[in-house]
Structures are given as C-alpha cells and as structure tokens.
Novice: 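Here it is: the structure, laid out below.
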Amino acid sequence: MRALVVIPTYDERENIPLVLDAVLAASDADVLVVDDGSPDGTAGVVRADPRFGRRVHLLERAGKSGLGAAYRAGFRWALEPERGYDRVVQMDADLSHPPQVVPRLLDALDHVDVAVGSRYTHGGGVQDWPWSRRAISWAGNLYVRLVLGLPVRDATAGFKAFRAEALRAIDVLDSRSDGYSFQIENTWRAARLGLTIAEVPIVFTDRTHGSSKMSAAIVAEALVRVVEWRLA
C-alpha cells in the first residue's frame, strides 16, 4: 500500500524541516507539502530538502485561501490515477500532531475506512494547553457530537488517515468548508455513509515555533456549519 502524508503550510519555515525529518523517519509514506504562498519562504525550504522529488513533493498555491481548500488541493493531487496512492494522511506542520503515530494510523486502515488521531479517546491527551483552551476544545467537541450525533470523541481532530476509496466515497473534493469545520465535515460525511471509523490515541502538543492560524471567524464558521448540516 502506497501512502501519502498531506501537510498544508503557511509561514512554517522553522517547522517544516523538523516535521519532514520526523514523518519520513517514522514511516515509508511520501509527503506532499501544500504551501499557500508563504511569504517566509517555506516553499523554498521544501525544495531545498535533499529528498525533494523522491519522497518529498511540493504543491504551491498562489495565496492563502483556507485550510480546507489546501487539503482539497492535496487530496486531489494524491487521488490522481498516475500517482497510485492507496492511503492518505492529513496532519499539521507544527509538530502538534506526533509524527511517530503516522504508522499506527496507517495500520488502522487495514481494518477501517478512516482513522482519527484522537485526543479524547482512552490513552489520548493534550500538553501545554491552559485550562481555558482545554475547556473550549472539550465543549466544542461535545457540541459537534450532540448536534450531529457523531460517534467520534474527537470530532474536530485534524490528524486523520483515509483509505483512498473512502475519500472518493465521501466526495471530499466537493466538500464546502474552508476553515476549522473542514475537519468536522469529512468525519460527518464518513459517518453518514456508514464508513468504519477508529480513533487512535495521540498526545497533542502545542506548537513551539510560529503562530496559530486559528481565529474567531474560523470558529464561527464551524459553529454555523454544524447547525446547517444537522438541519439539512
């Protein structure tokens, strides 16, 4: 099975060499960096990697247009027939998602359609978060699970692995969310179709370099879209 890890970036010059080294050392997967025109030169750092063109690939986009749009571009690249990837992982560039868990997510796909790197299943957790951020995250997940009836404890997780056929089944390239709600939408689509989903415990660690891309507008989009999906 050929696997690809899709990593969207915007101003991640400091983090991207670290995450590339860690992912490639932990697994046999290739990596596709989807860069949204980072002004700090993230794309140049990727091109300078000695593994570029073999296990490291780069998809450059003209500008910043949202997390969901970046992932859709990466998934489209992965699903093109000539590439032949059977499994696709999505993860952040800031090392908040532990690269050493990538093989466990891929192994889980031997038995399920979607594997979620979960902070809130048994054995999972978060580090370096203040109590206020923990409370917001916990409440957000509870809100999503109650409104949508999702059987996933970490419904907002951004660290996931999909079988290629699962991405096609949920019509991921037709998803509508661009921000944080993109993480919820694909899990929701998979659950509605009856695809099998497993949660693999992870310990989420807050970034040490760069700044978070989260904003009030992104959170608001997620809150509204969850209600829209439920009503629909």
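Numbers here simply count residues along the sequence, with the first being 1.
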Novice: Please answer whether the main-chain N or O of Val112 pairs with a side-chain N or O of Arg163 as donor and acceptor at a distance below 3.5 Å.
Specialist: yes
Novice: With distance as the sole test, does Asp30 use its side chain to make a donor-acceptor pair with the main-chain N or O of Leu4 at under 3.5 Å?
Specialist: no
Novice: Taking atom CD1 of Ile202 and atom OG1 of Thr121, what is their separation to the nearest 0.5 Å?
Specialist: 11.0 Å
Novice: Val203, Val101: one ILVMFWY side-chain cluster at the under-4.5 Å cut-off?
Specialist: no
Novice: Could you check whether Arg2 makes a cation-pi contact with Tyr85, meaning its NZ or CZ is under 6.0 Å from the centre of the six-membered ring and within 45° of the ring axis?
Specialist: yes
Novice: Check Ala157 against Gly117 and note the closest heavy-atom contact, atom names and distance.
Specialist: CB-O, 3.6 Å
Novice: Using a strict 4.0 Å threshold on nitrogen-to-oxygen distance, state whether Arg76 and Glu80 make a salt bridge.
Specialist: no
Novice: So which heavy atom on Tyr71 is nearest to which on Gly158, and how close?
Specialist: OH-O, 4.1 Å
Novice: State, yes or no, whether a side-chain contact exists between Ile184 and Leu148 at a heavy-atom distance under 4.5 Å.
Specialist: yes
Novice: Can you tell me how far the OG1 atom of Thr187 sits from the CG atom of Leu195, to the nearest 0.5 Å?
Specialist: 11.0 Å
Novice: Less than 4.5 Å apart, any side-chain heavy atom of Ile170 and any of Leu193?
Specialist: yes
Novice: Any side-chain heavy atom of Asp36 sitting closer than 4.5 Å to one from Pro8?
Specialist: no
Novice: About how many Å separate CD of Gln183 and CG of Leu67, when rounded to the nearest 0.5 Å?
Specialist: 5.0 Å
Novice: Let me check something: do Val126 and Trp131 share a hydrophobic cluster, defined by ILVMFWY side-chain heavy atoms less than 4.5 Å apart, either directly or through other members?
Specialist: no
Novice: Shared ILVMFWY cluster between Leu173 and Val34, side chains joined below 4.5 angstrom?
Specialist: yes
Novice: Should the heavy atoms of other residues, nucleotides or ligands under 6.0 Å from CZ of Arg134 be counted, would the total exceed 12?
Specialist: yes
Novice: Take Ser177 and Glu185 through the side-chain hydrogen bond (donor to acceptor under 3.5 Å, both in side chains) test and state the conclusion after the steps.
Specialist: CA-CA 7 Å; Ser177 305; Glu185 182 175 10; 2.7 Å; yes
Novice: Give the intermediate values and the outcome of side-chain contact (heavy atoms from CB on, under 4.5 Å) for residues Val33 and Leu20.
Specialist: CA-CA 9 Å; Val33 176; Leu20 287 176; 4.2 Å; yes
Novice: Could you tell me whether Arg87 and Asp110 have a side-chain N and a carboxylate O separated by less than 4.0 Å?
Specialist: yes
Novice: May I have the step-by-step check of salt bridge (Lys or Arg N to Asp or Glu O under 4.0 Å) for Asp206 and Arg133, ending in yes or no?
Specialist: CA-CA 11 Å; Asp206 205 9; Arg133 187 172 176 187; 3.1 Å; yes
Novice: Between the side chains of Glu199 and Ser118, does any donor sit under 3.5 Å from an acceptor?
Specialist: yes
Novice: As an exercise, state the distance from CH2 of Trp138 to CG of Asp154, rounded to the nearest 0.5 Å.
Specialist: 13.5 Å
Novice: Can you tell me if Arg104 uses its side chain to pair, donor with acceptor, with the backbone of Gln100 under 3.5 Å?
Specialist: no
Novice: Please say yes or no: joined through hydrophobic side-chain contacts below 4.5 Å, possibly via intermediate residues, are Val144 and Leu142 part of one cluster?
Specialist: no
Novice: Quick one: CD1 on Ile7 to CD on Gln90, what's the gap to the nearest 0.5 Å?
Specialist: 11.0 Å
Novice: Determine whether Leu58 and Asp35 satisfy the following criterion, side-chain contact (heavy atoms from CB on, under 4.5 Å), listing intermediate values before the conclusion.
Specialist: CA-CA 7 Å; Leu58 175 66; Asp35 187 68; 4.2 Å; yes
Novice: So, do Tyr120 and Pro201 sit near enough that their side-chain heavy atoms are less than 4.5 Å apart?
Specialist: no
Novice: Could you pull out the closest heavy-atom pair between Pro103 and Ala26, with the gap in Å?
Specialist: CG-O, 3.1 Å
Novice: Do the side chain of Arg145 and the main chain of Tyr143 share a donor and acceptor less than 3.5 angstrom apart?
Specialist: no
Novice: Within the 3.5 Å criterion, strictly below it, is a donor on Arg72 or Ser175 matched to an acceptor on the partner's side chain?
Specialist: yes
Novice: Could you go step by step and tell me if Val114 and Thr196 meet the side-chain contact (heavy atoms from CB on, under 4.5 Å) rule?
Specialist: CA-CA 6 Å; Val114 182; Thr196 50; over 6 Å; no
Novice: Looking at Arg47 and Glu60, is there a salt bridge between them, counting it only when a charged N and a carboxylate O are closer than 4.0 Å?
Specialist: yes
Novice: Between Ser38 and Asp11, is there a donor-acceptor pair closer than 3.5 Å when you use the side chain of the first and the backbone of the second?
Specialist: yes
Novice: I need the minimum non-hydrogen distance between His57 and Val46, along with the two atoms involved.
Specialist: O-CG1, 4.3 Å
Novice: Heavy atoms, side chains only, cut-off 4.5 Å: are Asp113 and Ile197 in contact?
Specialist: no
Novice: Hydrogens and angles aside, do Arg61 and Ser65 bring a side-chain donor and acceptor to less than 3.5 Å of each other?
Specialist: yes
Novice: I'd like to check Leu167 versus Val88 (side-chain heavy atoms, cut-off strictly below 4.5 Å). Are they in contact?
Specialist: yes
Novice: Should Asp21 and Arg51 count as an ion pair when the cut-off is N to O under 4.0 Å?
Specialist: yes
Novice: Where the side chain of Asp92 meets the backbone of Asp94, is there a donor-acceptor pair that is under 3.5 Å apart?
Specialist: no
Novice: Taking atom CG as the centre, does Asp171 end up with more than 12 heavy-atom neighbours from other residues, nucleotides or ligands that are less than 6.0 angstrom away?
Specialist: yes
Novice: Run the side-chain contact (heavy atoms from CB on, under 4.5 Å) check on Phe159 and Leu105 step by step: do they pass?
Specialist: CA-CA 9 Å; Phe159 192 20; Leu105 291 176; 3.5 Å; yes
Novice: Checking Arg119 against Thr156: is there a side-chain donor and acceptor pair closer than 3.5 Å?
Specialist: yes
Novice: Measure the shortest side-chain to side-chain distance between Trp188 and Ser181 over non-hydrogen atoms and say whether it is less than 4.5 angstrom.
Specialist: no
Novice: State the CG-CG distance between Asp86 and Leu109, to the nearest 0.5 angstrom.
Specialist: 10.5 Å
Novice: Do the ring centers of Trp129 and Phe204 come within less than 6.0 Å of each other?
Specialist: yes
Novice: Tell me the closest heavy-atom pair linking Glu12 and Ala93, and the distance in Å.
Specialist: CG-CB, 4.0 Å
